[in-house]
Amino acid sequence: MEMIEHNPTVGIYPTSPDYIHALEVRHPSRLLFVSGTMGLDKEGMAAADLDGQLDLVWANLRSILAAAGMTVDNIVRLTSYLRDRAFVEANQNARVHTLGGRAVPTTAIVVETLRDDWLVEIEIVAAG
């Protein structure tokens, strides 16, 4: 599998080190589409704060990826659903840290979640 970043410089705004406009995935042997995953523990309880939920979201995503024989290195697309726009920076920092600075096409959307204690939900697409 080959991953090629596409960041045109003409006619579009510039990217930052942790953001890319597009990622071309050539010759993947499989794709994994992961449902929105929340910061819930094994009992289905949300962590008390945003940092705790981000830690749990990424731990849960790692478990899902591992079940498919993949790691965070296989993530090729990510969408974050945030309860509050104030969560953007913490969410971005958690993503950058987890992916080791590797940029993937990313969208963050501020939404009203199904429950008041759910602060962040992340869905991913992975390729292998």
Can you tell me if [atom1] on [X] sees more than 12 non-hydrogen neighbours from other groups inside 6.0 Å?
{"X": "Glu24", "atom1": "CD", "result": "yes"}
{"X": "His97", "atom1": "NE2", "result": "no"}
{"X": "Met1", "atom1": "CE", "result": "yes"}

* **Side chains of Arg77 and Thr106, donor plus acceptor under 3.5 Å** =>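 Not at all, the side chains of Arg77 and Thr106 share no donor-acceptor pair under 3.5 Å.
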
* Just checking, any donor-acceptor pair under 3.5 angstrom between side chains of Asn91 and Ser80? ->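 Side chains of Asn91 and Ser80: pair found under 3.5 Å.
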
Please report the shortest heavy-atom distance between [X] and [Y], naming the atom on each side.
{"X": "Ala47", "Y": "Gln53", "value": "O-NE2, 3.0 Å"}
{"X": "Met38", "Y": "Asn60", "value": "O-ND2, 3.0 Å"}
{"X": "Pro8", "Y": "Ile12", "value": "O-CG2, 3.2 Å"}
{"X": "Ala126", "Y": "Met70", "value": "CB-SD, 3.6 Å"}
{"X": "Arg62", "Y": "Val72", "value": "CG-CG1, 4.0 Å"}
{"X": "Leu40", "Y": "Leu56", "value": "C-CD1, 3.9 Å"}

* Just grab all the salt bridge (Lys or Arg N to Asp or Glu O under 4.0 Å) pairs involving residues 110-122, residues at least two apart or on different chains. =>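 Residue pairs with at least one partner in residues 110-122: Arg83-Asp116, Arg115-Asp117.
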
* Asked: Under 3.5 Å, side chain of Glu5 to main-chain N/O of Leu23, donor-acceptor pair present?
  ->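 Answer holds: no.
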
* To do: Output yes when a side-chain donor or acceptor of Arg102 lies under 3.5 Å from a complementary backbone atom of Val96, and no otherwise.
  =>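 Side chain of Arg102 to backbone of Val96: no pair is present.
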
With the side chain counted from C-beta on, respond yes when [X] and [Y] share a heavy-atom pair under 4.5 Å apart, and no when they do not.
{"X": "Val57", "Y": "Val120", "value": "yes"}
{"X": "Leu119", "Y": "Phe87", "value": "yes"}
{"X": "Asn74", "Y": "Leu32", "value": "no"}
{"X": "Val110", "Y": "Arg85", "value": "yes"}
{"X": "Thr15", "Y": "His21", "value": "yes"}

* Asked: Looking at OH of Tyr19 and CZ of Arg95, how far apart are the two atoms once the value is rounded to the nearest 0.5 Å?
  ->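 Reported to 0.5 Å precision, the distance equals 10.0 Å.
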
* Under the ring pair (Phe, Tyr, Trp, His ring centres under 6.0 Å) rule, collect the residues that match up with Phe33, sequence neighbours excluded. =>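 Result, ring pair (Phe, Tyr, Trp, His ring centres under 6.0 Å) vs Phe33: none returned.
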
* Listed by chain and number, what are the ring pair (Phe, Tyr, Trp, His ring centres under 6.0 Å) partners of His6, not counting sequence neighbours? ->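 Not a single residue meets the ring pair (Phe, Tyr, Trp, His ring centres under 6.0 Å) criterion with His6.
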
* Asked: So among Val104, Thr37, Leu65, Ile64, which one has a side chain to side chain contact (heavy atoms under 4.5 Å, CB included) with Ile124?
  ->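 Per the side chain to side chain contact (heavy atoms under 4.5 Å, CB included) rule, the option paired with Ile124 is Leu65, out of Val104, Thr37, Leu65, Ile64.
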
* Could you walk me through whether Leu78 and Ile122 pass the side-chain contact (heavy atoms from CB on, under 4.5 Å) check? -> CA-CA 7 Å; Leu78 185 148; Ile122 297 176; 3.8 Å; yes

* To do: Check the hydrophobic clustering (I, L, V, M, F, W, Y; side-chain heavy atoms under 4.5 Å; chains of links allowed) and say if Leu99 and Tyr81 are grouped together.
  =>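 They do not share one cluster, since no chain of ILVMFWY contacts under 4.5 Å joins Leu99 to Tyr81.
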
